[in-house]
Protein chains: 2
Amino acid sequence: MSVVARLRKSISEGVYPAGERIAELQVANDLGVSRTPVRLAFRTLEQEGLLERAGKRGFRVRAFTDADVLCALEVRGVLEGLAARRLAEQGLSTATKERLNACLDEGHAVLAKGHLTAEDVTRWSELNSRFHATILGATGSQVIQDAIQRNDHLPFASADSLIIDTERLGREYRKLCVAQVQHQSIVQALAHGEGARVELLMREHAYIGIRYDELLELDPKPEVTPE
Amino acid sequence: MSVVARLRKSISEGVYPAGERIAELQVANDLGVSRTPVRLAFRTLEQEGLLERAGKRGFRVRAFTDADVLCALEVRGVLEGLAARRLAEQGLSTATKERLNACLDEGHAVLAKGHLTAEDVTRWSELNSRFHATILGATGSQVIQDAIQRNDHLPFASADSLIIDTERLGREYRKLCVAQVQHQSIVQALAHGEGARVELLMREHAYIGIRYDELLELDPKPEVTPE
DNA sequence: TTTGCCAAAATTGGATCCAACTAAAGCATA
DNA sequence: TATGCTTTAGTTGGATCCAATTTTGGCAAA
């Protein structure tokens, strides 16, 4: 694994505390490399938003608030919505449609038996990634993909970071059922060239990881707390 | 000026041809520095999207098509639309409202005499930057700002890169009049907390630099060429 | 003349070295 | 004892050095 990837992982795991300064030599020792690749990695991670300049010299680990996480999700939503709308307007190739349908079929298969296993979770994660990557890839221009990928490096902003709570597979199952319907709606809208509809669907779909938990709870009564 | 900034400028000026490989040593000599700062800059510019990896080793200058430019503009549109909607929903502070109104007043002053001078162009450019920066800054979270700033490094994606054609100041004047009305609409919508409206206005406003030229021409009859 | 292989040059990635700047610790003086 | 200055340790940015890989050029053979 590259130095950038390892450092990204360390940061997301909290090895280097958020808001604190991060020293080149320390990281170099931790990763067993010299300062050069670390310095290069710092610049990459700065642009990704995981690090920020600490005055004139050096960097510090970026601290993210809950508001930032929500913001990152909304950014993903509008960008993926844009990509989906463009795809609907330019028309869906049969190859793309088949790939998307394959994702839908596999999603159906995963959810068919009425409950979730740990294995199902990883399987869903993979098909979900494929689904979103297919839409982004079919859009043509690399520009939107780049913007989304940069945003995805922020914690919880990625489409993959959907399931965390393996304790409550019941709630997660209901969430994935909703996600499956959303995926189906998106493919339907794409196939009919309904650009405006697919954009709104995609934007709503972005909230699945953060706003649907409290909706789908059963044991604790679903409560909508006003802010 | 920093190495990154100078290199960014050189690339946008076409010193290093698009699509071609860019060599560290060459750039280092051109800028009169050693390879180290150049290598650091390459990583930054890679994330900004101006460079891309050339296989396993090295980078090449990214080539942008017209479709890419349009895409970058649309990305700016949805992101700035998101920012404006959030601002409308969270409410506009009086300080922010005053700053925006100051921009509107100055815009009015620039356009009052009925035609444009070269000085007016720079003055508009500045107030336009202030206008957009004010909205982004008031949104709170840094995440959207980051996403927009990264996108802005792409050619023509920035809100500043509005006016190029100083030969036809007549057309540009009409364009700025439209932009001024759009700015006014945006402030109005923000002030009334009209989130959905301001989002759409902002998204349309993003097209001012690319789609309004052919609309506002007078001497050559306005023609809408189907693609 | 063309094709394939080998060698040499160039280029990149990583490590080390040096200078400048920052921060901290200790000492001296009021 | 507290405050301020000086010295010293640490950290970062830039330059140079080294090794490995890629590319280019030339030579030989078919």
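A, B, ... follow the sequence lines: proteins, then strands. Residue 1 opens every chain.
- Under the salt bridge (charged side-chain N to carboxylate O under 4.0 Å, His left out) criterion, A:R21 pairs with no residue, sequence neighbours left out.
- Atom CD of B:E13 has more than 12 neighbouring heavy atoms from other residues, nucleotides or ligands inside a 6.0 Å radius.
- Rounded to whole Å, the distance from CZ on A:R21 to P on C:dA24 is 10 Å.
- As rounded to whole Å, 12 Å separates atom C1' of C:dT12 from atom NZ of B:K56.
- Salt bridge annotation for A:E126-A:R130: absent, with no cationic side-chain nitrogen under 4.0 angstrom from a carboxylate oxygen.
- Rounded to a whole Å, the CD atom of A:E24 is 15 Å from the P atom of C:dT22.
- Annotation: proximity of residues 29-54 of chain A to DNA chain D (heavy atom, distance under 4.0 Å) is found for A:R35, A:R39, A:R43, numbered in ascending order.
- With a 4.5 Å cut-off on side-chain heavy atoms, B:R39 and B:T36 do not count as touching.
- When each of C:dG13, D:dT11, D:dG13 is scored by its nearest atom to the side-chain atoms of A:L25, the top-ranked nucleotide is D:dT11.
- Under the ring-ring contact (aromatic ring centres under 6.0 Å, His included) criterion, B:F59 pairs with B:F42, sequence neighbours left out.
- Across the protein-nucleic acid pair, B:R57 atom CZ and C:dG14 atom P stand 10 Å apart, rounded to whole Å.
- The interatomic distance linking A:R6 (CZ) with C:dG14 (C1') rounds to 13 Å, in whole Å.
- The interatomic distance linking A:F59 (CZ) with D:dT12 (P) rounds to 10 Å, in whole Å.
- Applying side-chain hydrogen bond (donor to acceptor under 3.5 Å, both in side chains) to A:H205 and the options A:H183, A:R76, A:E80 leaves one that passes, A:H183.
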